[in-house]
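No hydrogens, no waters, no symmetry mates; every other heavy atom, side chains included, goes into these values.
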Amino acid sequence: MRNKITVLLLLIATSVSAQLEKFEGFWMSSDTSFNTLITHNSSNDLLTLSSFSFTDNTLVGESIKSVSDNEINTISISENNWNLLVKYTMVNDTIMKASLTGSTTITLIYEKIID
């Protein structure tokens, strides 16, 4: 019975890790100058999001609130005092939707540039 539980837990951990890895990459949108870099550390199974603009020379700190199968929810605070709740949703392997609410309300479509 212990072996079955151990195998089940390993399968669940592997499945969650694979789901998080699909977010990993460099994402750009034609609707904003802000790009998003998402990295996944498989050793501790953590995601890191960094949003920045080369045009505005601005960095945005994003704290992950929750992660699920196809969705990441963050709290975003920029250097110019914009506060946002962002819901990133995977549409497919190369398209991600970002719904922003707070200092502005908008939905952006991001395309994965680099895995």
Side-chain angles (χ1 to χ4, degrees):
M1 184 67 175
R2 269 192 204 168
N3 289 341
K4 289 180 182 179
I5 292 172
T6 302
V7 169
L8 179 62
L9 290 175
L10 286 173
L11 287 173
I12 290 171
T14 302
S15 175
V16 169
S17 180
Q19 291 167 352
L20 295 178
E21 286 176 359
K22 66 184 165 189
F23 286 101
E24 192 172 28
F26 184 73
W27 299 84
M28 292 179 75
S29 173
S30 60
D31 299 323
T32 182
S33 66
F34 284 86
N35 304 308
T36 300
L37 177 66
I38 302 175
T39 57
H40 175 249
N41 185 335
S42 56
S43 64
N44 60 12
D45 212 24
L46 292 177
L47 287 176
T48 303
L49 282 89
S50 302
S51 293
F52 53 90
S53 173
F54 293 119
T55 307
D56 298 337
N57 196 26
T58 304
L59 179 64
V60 178
E62 292 194 59
S63 299
I64 296 175
K65 230 171 76 170
S66 66
V67 177
S68 69
D69 223 18
N70 289 319
E71 190 175 283
I72 300 172
N73 291 292
T74 69
I75 298 171
S76 173
I77 301 170
S78 72
E79 293 174 338
N80 57 4
N81 294 323
W82 278 51
N83 299 309
L84 297 166
L85 297 175
V86 184
K87 180 167 93 173
Y88 295 98
T89 307
M90 292 299 294
V91 175
N92 62 37
D93 290 342
T94 59
I95 304 293
M96 179 174 66
K97 179 174 72 168
S99 300
L100 290 73
T101 56
S103 296
T104 189
T105 301
I106 190 169
T107 298
L108 303 170
I109 302 298
Y110 281 90
E111 184 177 351
K112 187 184 274 190
I113 305 303
I114 301 172
D115 260 339

Nearest-0.5 Å distance, [atom1] of residue [X] to [atom2] of residue [Y]:
| X | Y | atom1 | atom2 | value |
| --- | --- | --- | --- | --- |
| I109 | W27 | CD1 | CH2 | 10.5 Å |
| Y110 | N35 | OH | CG | 7.5 Å |
| E62 | L37 | CD | CG | 11.0 Å |
| T36 | F26 | OG1 | CZ | 8.5 Å |
| L49 | I72 | CG | CD1 | 5.0 Å |

Open item on the list: For F23 versus E71, what's the shortest heavy-atom pair and its separation?
Closed with: CZ-N, 3.4 Å
TODO: Would you kindly say whether T39 and N41 are connected by a side-chain donor-acceptor distance under 3.5 Å?
DONE: no
Sidechain-backbone polar pair: [X] side chain, [Y] backbone, donor-acceptor under 3.5 Å:
| X | Y | value |
| --- | --- | --- |
| T94 | E111 | no |
| K22 | D69 | yes |
| S103 | N83 | yes |
| K112 | E24 | yes |
| T74 | S76 | no |

Side-chain heavy atoms under 4.5 angstrom apart, residues restricted to Ile, Leu, Val, Met, Phe, Trp, Tyr: same cluster for [X] and [Y]?
| X | Y | result |
| --- | --- | --- |
| I77 | L100 | no |
| I75 | M96 | no |
| I95 | I113 | no |
| I64 | L85 | no |
| L84 | I106 | yes |

TODO: Compare all side-chain heavy atoms of S33 with those of D56 and state whether any distance is below 4.5 angstrom.
DONE: yes
Open item on the list: Quick one, L108 and F34 - any side-chain contact, counting heavy atoms below 4.5 Å?
Closed with: no
Open item on the list: Does N57 have more than 12 heavy atoms from other residues, nucleotides or ligands lying within 6.0 Å of its CG?
Closed with: no
